[in-house]
Amino acid sequence: GQQVMQIPQYQHVQEGEDFTTYCNSSTTLSNIQWYKQRPGGHPVFLIQLVKSGEVKKQKRLTFQFGEAKKNSSLHITATQTTDVGTYFCAGPRGNYGQNFVFGPGTRLSVLP
Amino acid sequence: ETGVTQSPTHLIKTRGQQVTLRCSSQSGHNTVSWYQQALGQGPQFIFQYYREEENGRGNFPPRFSGLQFPNYSSELNVNALELDDSALYLCASSPPESYEQYFGPGTRLTVT
């Protein structure tokens, strides 16, 4: 079945350092979404990418969708303690465009 | 605007029992998806409801069932509870013509 993988599983950074998480799908995706889940919280929608090669920025966050639409990345510049949490990517499940498969997430720790 | 709400917040059940979890979607949202999230893992898609009809189902047994009501609120029912059903159950609503998902705070189910 369809698989969505993320690396790394964990990342510890010093405050001010950059952070990148990568998402890979076993199948071509029509779109990809990114979510952030704070410890003890629920996933919060960050962004959706649709076009091949698309790059979107939200302040210090940069999201990219691969040319083949099978991979994506999230890059955070100059991390802050407020960035702590788990970042998930999610892609549509098979022919059900509105059903999503989540990756296992990358847990980010930021040391002050 | 009221966000997605879920009840109860926490629940403890015994193996073999049945449980009903409830979700009120965000105002104007007509699609509700349910996810199971085990500790340290990504959300796993259970099923989705759109206009009171099931619109896709993940790899969960038939003892997981659901409903969506005319006001777009939803219920998740789990029969014959097993220890492995212990998890955070999340519902997410989506607005019309959009794949963005807005999650509720979740229900923490513990099966003993």
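Residue numbers begin at 1 in each chain, while the letters A, B, ... track the order of the sequences. Below, all heavy atoms of this structure are taken into account, side chains as well, without hydrogens, waters or symmetry copies.
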Indicate, with yes or no, if A:Ile32 and A:Ile47 share a hydrophobic cluster defined by side-chain heavy-atom contacts under 4.5 Å among Ile, Leu, Val, Met, Phe, Trp and Tyr. yes
Please check if A:Tyr35 and A:Leu49 belong to a single hydrophobic cluster, counting links between Ile, Leu, Val, Met, Phe, Trp and Tyr side chain heavy atoms closer than 4.5 Å.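 No, separate clusters.
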Search all heavy atoms of B:Leu90 against all heavy atoms of A:Pro43 and return the closest pair with its distance.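 Looks like CD1-CD, 3.8 Å.
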Atom of A:Asn99, atom of B:Asn55 and distance for their closest heavy-atom approach: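 Here A:Asn99 and B:Asn55 meet closest at ND2-O, 3.1 Å.
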Might you confirm whether atom [atom1] of [X] has over 12 heavy atoms from other residues, nucleotides or ligands at distances under 6.0 Å?
{"X": "A:Arg60", "atom1": "CZ", "result": "yes"}
{"X": "B:Arg51", "atom1": "CZ", "result": "no"}
{"X": "B:Asn59", "atom1": "CG", "result": "no"}
{"X": "A:Gln14", "atom1": "CD", "result": "yes"}
{"X": "A:Leu111", "atom1": "CG", "result": "yes"}

Mind checking side-chain contact (heavy atoms from CB on, under 4.5 Å) for A:Thr27 and listing every partner two or more places apart, or none if nothing turns up?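 A:Thr27 satisfies side-chain contact (heavy atoms from CB on, under 4.5 Å) with A:Gln2, A:Ser25, A:Leu29 once adjacent residues are dropped.
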Among residues 63-89 of chain A, those lying within the under-4.5 Å heavy-atom range of chain B are A:Phe88
Side chain, backbone, both or neither of A:Gln9 within contact of chain B (heavy atoms, under 4.5 Å): neither
Max heavy-atom pairs within cutoff under 4.5 Å with chain A, candidates B:Gly106, B:Ser94, B:Pro43, goes to B:Pro43
Do you know which of B:Gln44, B:Glu100, B:Gln37 has the most heavy-atom pairs under 4.5 Å to chain A?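 The answer is B:Glu100.
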May I ask you to decide if the ring planes of B:Tyr102 and A:Phe45 are parallel, tilted or perpendicular, using 30° and 60° as cut-offs?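 Taking A:Phe45 first and then B:Tyr102, their aromatic rings sit tilted (interplane angle of 30° to 60°).
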Give me the other members of the hydrophobic cluster that B:Leu109 sits in, counting Ile, Leu, Val, Met, Phe, Trp and Tyr linked by side-chain heavy atoms under 4.5 Å, directly or via other members. B:Leu11, B:Val19, B:Leu21, B:Val32, B:Trp34, B:Ile46, B:Phe47, B:Tyr49, B:Phe60, B:Phe64, B:Leu76, B:Val78, B:Leu81, B:Leu83, B:Tyr89, B:Val111
Of the backbone (N, CA, C, O) and the side chain (C-beta and beyond), which part of B:Gln101 lies under 4.5 Å from a heavy atom of chain A, both, or neither?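 It is both, since atoms from each part get that close.
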Portion of B:Ser98 that has a non-hydrogen atom of chain A nearer than 4.5 angstrom: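 Only the backbone of B:Ser98 comes within 4.5 Å of chain A.
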To the nearest 0.5 Å, what is the distance between CZ on A:Phe102 and CD on B:Gln41?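 One gets 14.0 Å once the value is rounded to the nearest 0.5 Å.
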What residue pairs, at least two apart or across chains, pass side chain to side chain donor-acceptor pair (under 3.5 Å) with a residue in residues 41-51 of chain A?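 Matches after skipping sequence neighbours: A:Gln33-A:Gln48.
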